[in-house]
Amino acid sequence: MSRISYVNGAYVPHRDAAVHIDDRGYQFADAVYEGVTVRHGRMVDLEPHLERLWRSMGELRIAPPMERGPMRFVFREVIRRNRIENGFLYIQISRGVARRDHAFPTTPTHPSLIVTLKRLDVDGVIKRAEKGVKAFAEPDIRWGRCDVKSTSLLPNILAKQAAKEKGGFEAVLVDRDGFVTEGSSTNMWIVKEDGTVQTRATTDNILPGITRATLLKLAGELQIRVVEEAFTLEDARGAAEMFLSSSTGCATPIVELDGHKIGDGTVGPVAKRLVEAYRLYMEA
Ligand code: PDD
(Lines give C-alpha, C1' and ligand atoms only; values in the text may rest on other atoms or scores of the structure.)
Protein backbone atom coordinates (compact mmCIF):
# COMPACT_ATOMS: atom_id res chain seq x y z
CA MET A 1 0.00 0.00 0.00
CA SER A 2 1.44 3.39 -0.93
CA ARG A 3 1.65 6.23 1.56
CA ILE A 4 -1.10 8.82 1.40
CA SER A 5 -0.53 12.48 2.16
CA TYR A 6 -2.83 15.45 2.39
CA VAL A 7 -2.05 18.54 0.29
CA ASN A 8 -4.39 21.52 0.09
CA GLY A 9 -7.71 19.71 0.10
CA ALA A 10 -6.71 16.39 -1.49
CA TYR A 11 -5.50 13.01 -0.24
CA VAL A 12 -2.88 11.94 -2.75
CA PRO A 13 -0.21 9.23 -3.10
CA HIS A 14 2.85 10.52 -1.24
CA ARG A 15 5.06 10.38 -4.36
CA ASP A 16 2.68 12.80 -6.13
CA ALA A 17 2.26 15.17 -3.19
CA ALA A 18 3.65 18.59 -4.15
CA VAL A 19 3.27 22.31 -3.59
CA HIS A 20 3.95 25.10 -6.07
CA ILE A 21 7.52 26.40 -6.55
CA ASP A 22 6.30 29.90 -5.63
CA ASP A 23 5.06 28.71 -2.25
CA ARG A 24 6.54 31.00 0.39
CA GLY A 25 7.27 27.99 2.56
CA TYR A 26 9.63 26.75 -0.15
CA GLN A 27 11.20 30.11 -0.94
CA PHE A 28 11.41 31.82 2.45
CA ALA A 29 10.63 29.14 5.07
CA ASP A 30 7.61 31.39 5.67
CA ALA A 31 5.82 28.51 7.34
CA VAL A 32 5.09 26.84 10.64
CA TYR A 33 4.83 23.19 11.53
CA GLU A 34 3.98 20.60 14.16
CA GLY A 35 5.04 17.01 14.68
CA VAL A 36 2.70 14.71 16.58
CA THR A 37 3.51 11.18 17.70
CA VAL A 38 0.91 8.57 16.82
CA ARG A 39 0.82 5.70 19.32
CA HIS A 40 -1.52 2.76 18.73
CA GLY A 41 -3.34 4.88 16.15
CA ARG A 42 -3.95 7.71 18.64
CA MET A 43 -2.39 11.17 18.53
CA VAL A 44 -0.36 11.93 21.67
CA ASP A 45 -1.10 15.39 23.14
CA LEU A 46 -3.00 16.54 20.04
CA GLU A 47 -4.70 19.51 21.72
CA PRO A 48 -1.53 21.22 23.01
CA HIS A 49 0.03 20.66 19.57
CA LEU A 50 -2.96 22.39 17.94
CA GLU A 51 -2.75 25.19 20.49
CA ARG A 52 0.94 25.75 19.69
CA LEU A 53 0.24 25.59 15.93
CA TRP A 54 -2.40 28.31 16.27
CA ARG A 55 -0.03 30.41 18.34
CA SER A 56 2.78 30.04 15.76
CA MET A 57 0.41 31.07 12.95
CA GLY A 58 -0.79 34.02 15.02
CA GLU A 59 2.75 35.25 15.71
CA LEU A 60 3.53 35.22 11.96
CA ARG A 61 0.08 36.48 10.92
CA ILE A 62 -0.61 33.42 8.78
CA ALA A 63 -4.36 32.85 8.51
CA PRO A 64 -5.46 29.33 9.58
CA PRO A 65 -6.33 27.41 6.40
CA MET A 66 -9.28 25.80 8.22
CA GLU A 67 -10.86 25.55 11.66
CA ARG A 68 -9.51 23.14 14.28
CA GLY A 69 -12.42 20.69 13.91
CA PRO A 70 -11.89 19.98 10.20
CA MET A 71 -8.14 19.90 10.78
CA ARG A 72 -8.51 17.20 13.44
CA PHE A 73 -10.60 15.30 10.88
CA VAL A 74 -7.85 15.58 8.23
CA PHE A 75 -5.26 14.26 10.72
CA ARG A 76 -7.47 11.27 11.60
CA GLU A 77 -8.14 10.64 7.94
CA VAL A 78 -4.41 10.61 7.09
CA ILE A 79 -3.81 8.12 9.93
CA ARG A 80 -6.76 5.96 8.80
CA ARG A 81 -5.79 5.95 5.13
CA ASN A 82 -2.17 5.02 5.89
CA ARG A 83 -3.11 2.31 8.39
CA ILE A 84 -0.10 3.25 10.51
CA GLU A 85 -0.33 2.42 14.23
CA ASN A 86 2.89 4.08 15.42
CA GLY A 87 4.05 7.08 13.49
CA PHE A 88 5.04 10.69 13.19
CA LEU A 89 2.34 13.00 11.88
CA TYR A 90 3.84 16.07 10.24
CA ILE A 91 1.74 19.18 9.71
CA GLN A 92 3.00 22.23 7.85
CA ILE A 93 1.23 25.47 7.07
CA SER A 94 2.88 28.09 4.87
CA ARG A 95 1.69 31.56 3.96
CA GLY A 96 0.89 30.19 0.50
CA VAL A 97 1.80 30.90 -3.10
CA ALA A 98 2.66 34.45 -4.17
CA ARG A 99 4.94 36.31 -6.58
CA ARG A 100 8.35 36.47 -4.91
CA ASP A 101 8.65 39.50 -2.64
CA HIS A 102 10.06 39.54 0.88
CA ALA A 103 7.17 41.50 2.42
CA PHE A 104 3.87 39.73 3.02
CA PRO A 105 1.71 39.52 -0.14
CA THR A 106 -0.69 42.46 -0.36
CA THR A 107 -3.45 40.38 -1.95
CA PRO A 108 -4.70 37.53 0.25
CA THR A 109 -3.07 34.15 -0.34
CA HIS A 110 -4.42 30.69 0.45
CA PRO A 111 -2.17 29.26 3.18
CA SER A 112 -0.90 25.81 2.15
CA LEU A 113 -1.62 22.90 4.46
CA ILE A 114 0.22 19.63 4.10
CA VAL A 115 -0.10 16.60 6.38
CA THR A 116 2.13 13.54 6.09
CA LEU A 117 2.57 10.43 8.19
CA LYS A 118 5.60 8.18 8.42
CA ARG A 119 6.22 5.16 10.59
CA LEU A 120 7.97 5.78 13.91
CA ASP A 121 9.34 2.88 15.90
CA VAL A 122 8.10 4.13 19.29
CA ASP A 123 9.14 0.87 20.97
CA GLY A 124 12.61 1.36 19.47
CA VAL A 125 12.73 4.88 20.93
CA ILE A 126 11.89 3.49 24.40
CA LYS A 127 14.47 0.73 23.92
CA ARG A 128 17.12 3.31 22.99
CA ALA A 129 16.28 5.20 26.19
CA GLU A 130 17.39 2.17 28.22
CA LYS A 131 20.96 2.69 27.00
CA GLY A 132 21.03 6.44 26.48
CA VAL A 133 22.65 8.49 23.74
CA LYS A 134 25.66 10.74 23.15
CA ALA A 135 25.43 14.48 22.55
CA PHE A 136 27.78 17.27 21.51
CA ALA A 137 27.67 20.99 22.28
CA GLU A 138 27.23 23.33 19.33
CA PRO A 139 26.83 27.12 19.29
CA ASP A 140 23.23 28.31 19.13
CA ILE A 141 23.21 30.54 16.05
CA ARG A 142 19.43 30.70 15.60
CA TRP A 143 17.11 33.70 15.36
CA GLY A 144 15.47 35.41 18.34
CA ARG A 145 12.02 33.84 18.07
CA CYS A 146 12.64 30.15 18.68
CA ASP A 147 9.29 30.01 20.50
CA VAL A 148 7.65 30.09 17.05
CA LYS A 149 7.75 26.61 15.51
CA SER A 150 8.84 27.82 12.11
CA THR A 151 10.35 25.74 9.33
CA SER A 152 13.47 27.99 9.21
CA LEU A 153 15.58 25.20 10.62
CA LEU A 154 18.92 25.67 8.85
CA PRO A 155 20.91 26.38 12.05
CA ASN A 156 19.22 23.38 13.71
CA ILE A 157 20.10 21.17 10.75
CA LEU A 158 23.74 22.30 10.74
CA ALA A 159 24.05 21.68 14.49
CA LYS A 160 22.45 18.23 14.24
CA GLN A 161 24.73 17.32 11.32
CA ALA A 162 27.85 18.48 13.20
CA ALA A 163 26.86 16.37 16.22
CA LYS A 164 26.08 13.38 14.01
CA GLU A 165 29.46 13.59 12.29
CA LYS A 166 31.10 13.41 15.73
CA GLY A 167 29.11 10.27 16.49
CA GLY A 168 26.40 11.98 18.54
CA PHE A 169 22.64 11.64 18.50
CA GLU A 170 21.84 15.25 19.34
CA ALA A 171 23.42 18.70 19.47
CA VAL A 172 23.18 20.63 22.72
CA LEU A 173 22.80 24.28 21.71
CA VAL A 174 24.77 26.77 23.79
CA ASP A 175 24.26 30.54 23.70
CA ARG A 176 27.02 33.18 23.83
CA ASP A 177 26.90 33.33 27.62
CA GLY A 178 27.52 29.60 27.95
CA PHE A 179 23.92 28.68 28.76
CA VAL A 180 22.25 25.67 27.19
CA THR A 181 19.15 26.76 25.29
CA GLU A 182 17.80 23.43 23.99
CA GLY A 183 18.70 20.65 21.56
CA SER A 184 18.62 21.00 17.78
CA SER A 185 15.18 19.31 17.80
CA THR A 186 14.67 18.60 21.50
CA ASN A 187 14.42 20.27 24.91
CA MET A 188 17.26 19.72 27.38
CA TRP A 189 17.18 18.68 31.03
CA ILE A 190 19.72 17.93 33.75
CA VAL A 191 19.41 16.22 37.12
CA LYS A 192 21.45 17.69 39.96
CA GLU A 193 23.24 15.68 42.67
CA ASP A 194 20.30 16.16 45.06
CA GLY A 195 17.87 14.69 42.48
CA THR A 196 16.36 18.05 41.44
CA VAL A 197 15.49 18.18 37.76
CA GLN A 198 16.36 21.40 35.94
CA THR A 199 15.17 22.65 32.56
CA ARG A 200 15.23 26.11 31.06
CA ALA A 201 12.11 28.24 31.45
CA THR A 202 10.21 28.83 28.21
CA THR A 203 11.16 32.23 26.84
CA ASP A 204 11.52 33.38 23.25
CA ASN A 205 14.78 31.52 22.74
CA ILE A 206 13.47 27.98 23.06
CA LEU A 207 10.53 26.04 21.73
CA PRO A 208 7.92 25.38 24.43
CA GLY A 209 8.01 21.61 23.94
CA ILE A 210 4.80 19.66 24.34
CA THR A 211 6.75 16.67 25.65
CA ARG A 212 8.51 19.05 28.04
CA ALA A 213 5.15 20.23 29.42
CA THR A 214 3.90 16.65 29.82
CA LEU A 215 7.12 15.61 31.58
CA LEU A 216 6.77 18.55 33.99
CA LYS A 217 3.30 17.27 34.85
CA LEU A 218 4.51 13.69 35.23
CA ALA A 219 7.46 14.79 37.38
CA GLY A 220 4.98 16.59 39.65
CA GLU A 221 2.90 13.42 39.99
CA LEU A 222 6.06 11.47 40.85
CA GLN A 223 6.98 14.15 43.40
CA ILE A 224 10.25 14.84 41.63
CA ARG A 225 11.43 18.37 42.35
CA VAL A 226 11.81 20.50 39.21
CA VAL A 227 13.22 23.99 38.73
CA GLU A 228 12.68 25.89 35.50
CA GLU A 229 15.97 27.72 35.29
CA ALA A 230 18.70 28.04 32.69
CA PHE A 231 21.86 25.94 33.20
CA THR A 232 25.28 26.26 31.64
CA LEU A 233 27.23 23.75 29.59
CA GLU A 234 29.51 23.40 32.63
CA ASP A 235 26.48 22.56 34.80
CA ALA A 236 25.48 19.90 32.26
CA ARG A 237 28.97 18.39 32.22
CA GLY A 238 28.95 18.12 35.99
CA ALA A 239 25.33 16.95 36.29
CA ALA A 240 24.34 13.62 37.82
CA GLU A 241 22.08 12.89 34.84
CA MET A 242 20.99 14.51 31.63
CA PHE A 243 18.15 13.81 29.22
CA LEU A 244 16.34 15.27 26.24
CA SER A 245 12.67 15.41 25.35
CA SER A 246 10.69 15.65 22.13
CA SER A 247 7.68 14.12 20.43
CA THR A 248 9.85 11.72 18.45
CA GLY A 249 12.43 11.18 21.19
CA CYS A 250 10.04 10.94 24.19
CA ALA A 251 12.44 11.23 27.14
CA THR A 252 15.90 9.96 26.18
CA PRO A 253 18.83 9.95 28.62
CA ILE A 254 22.11 11.51 27.50
CA VAL A 255 24.96 9.49 28.97
CA GLU A 256 27.88 11.22 27.27
CA LEU A 257 28.45 14.90 26.44
CA ASP A 258 31.40 15.99 24.28
CA GLY A 259 33.07 12.65 24.95
CA HIS A 260 32.75 12.94 28.76
CA LYS A 261 30.51 10.71 30.83
CA ILE A 262 27.49 12.26 32.49
CA GLY A 263 27.39 10.83 36.03
CA ASP A 264 28.76 7.30 35.77
CA GLY A 265 27.96 7.14 32.05
CA THR A 266 24.84 5.01 32.46
CA VAL A 267 21.15 5.89 32.63
CA GLY A 268 20.38 7.35 36.05
CA PRO A 269 17.40 6.63 38.32
CA VAL A 270 15.53 9.92 37.84
CA ALA A 271 15.63 9.80 34.03
CA LYS A 272 14.64 6.14 34.18
CA ARG A 273 11.50 6.98 36.18
CA LEU A 274 10.53 9.75 33.77
CA VAL A 275 11.12 7.57 30.69
CA GLU A 276 8.84 4.93 32.21
CA ALA A 277 6.21 7.50 33.22
CA TYR A 278 6.16 8.92 29.69
CA ARG A 279 5.96 5.43 28.18
CA LEU A 280 2.91 4.69 30.32
CA TYR A 281 1.44 8.10 29.48
CA MET A 282 1.59 7.24 25.76
CA GLU A 283 -0.18 3.92 26.43
CA ALA A 284 -3.06 5.54 28.33
N1 PDD B 1 11.09 18.85 17.20
N2 PDD B 1 13.03 22.10 20.52
C3 PDD B 1 13.09 22.12 19.18
C4 PDD B 1 14.02 23.09 18.52
C5 PDD B 1 12.30 21.23 18.43
O6 PDD B 1 12.34 21.26 17.09
C7 PDD B 1 11.46 20.33 19.10
C8 PDD B 1 10.56 19.38 18.36
C9 PDD B 1 11.43 20.33 20.52
C10 PDD B 1 10.55 19.42 21.31
O11 PDD B 1 9.20 19.80 21.19
P12 PDD B 1 8.02 18.74 21.31
O13 PDD B 1 8.17 18.06 22.62
O14 PDD B 1 6.80 19.57 21.23
O15 PDD B 1 8.15 17.76 20.15
C16 PDD B 1 12.23 21.26 21.18
C17 PDD B 1 10.26 18.03 16.35
C18 PDD B 1 10.05 16.67 16.92
C19 PDD B 1 10.82 18.06 14.95
O20 PDD B 1 11.33 19.11 14.56
O21 PDD B 1 10.72 17.08 14.23
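Residue pairs that meet the ring-ring contact (aromatic ring centres under 6.0 Å, His included) test with at least one member in residues 165-192, sequence neighbours left out, are Trp189-Phe243. Pairs of residues two or more places apart, or lying in two chains, never qualify as ring-ring contact (aromatic ring centres under 6.0 Å, His included) while including a residue from residues 211-240.
For Ala135, the side chain to side chain contact (heavy atoms under 4.5 Å, CB included) partners two or more places apart in sequence, or in a different chain, are Val172, Ile254, Leu257. The side-chain hydrogen bond (donor to acceptor under 3.5 Å, both in side chains) search around Glu165 returns Gln161, not counting sequence neighbours. For the ring-ring contact (aromatic ring centres under 6.0 Å, His included) test, residues two or more places apart in sequence or in another chain that qualify with Tyr281 are Tyr278. Contacts of His102 classified as ring-ring contact (aromatic ring centres under 6.0 Å, His included), with partners at least two apart in sequence or in another chain: Phe28. Residues that satisfy the salt bridge (Lys or Arg N to Asp or Glu O under 4.0 Å) test with Arg52, not counting sequence neighbours, are Glu34. Tyr33 pairs by the side-chain hydrogen bond (donor to acceptor under 3.5 Å, both in side chains) definition with Lys149, not counting sequence neighbours. Residues satisfying the salt bridge (Lys or Arg N to Asp or Glu O under 4.0 Å) test with Arg225, not counting sequence neighbours, are none. Every residue two or more places apart in sequence or in another chain that forms a ring-ring contact (aromatic ring centres under 6.0 Å, His included) with Tyr11 is listed here: Tyr6. By the salt bridge (Lys or Arg N to Asp or Glu O under 4.0 Å) test, Asp147 is found to be paired with Arg55, Arg145, residues two or more places apart in sequence or in another chain being considered.
Side-chain contact annotation: Asn205 with Thr181, donor-acceptor N/O pair under 3.5 Å absent. With no hydrogens or angles considered, no side-chain donor-acceptor pair links Ser184 and Glu138 at under 3.5 Å.
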From CA spacing to verdict: side-chain contact (heavy atoms from CB on, under 4.5 Å), Leu274, Ile224: CA-CA 9 Å; Leu274 286 168; Ile224 294 171; 4.1 Å; yes

Between side-chain atoms of residues 104-120 and protein atoms elsewhere (two or more places apart, or another chain), which donor-acceptor pairs fall under 3.5 Å?
residue, atom, partner, partner atom, Å
Thr109, OG1, Arg95, O, 2.6
Ser112, OG, Asp23, OD2, 2.6

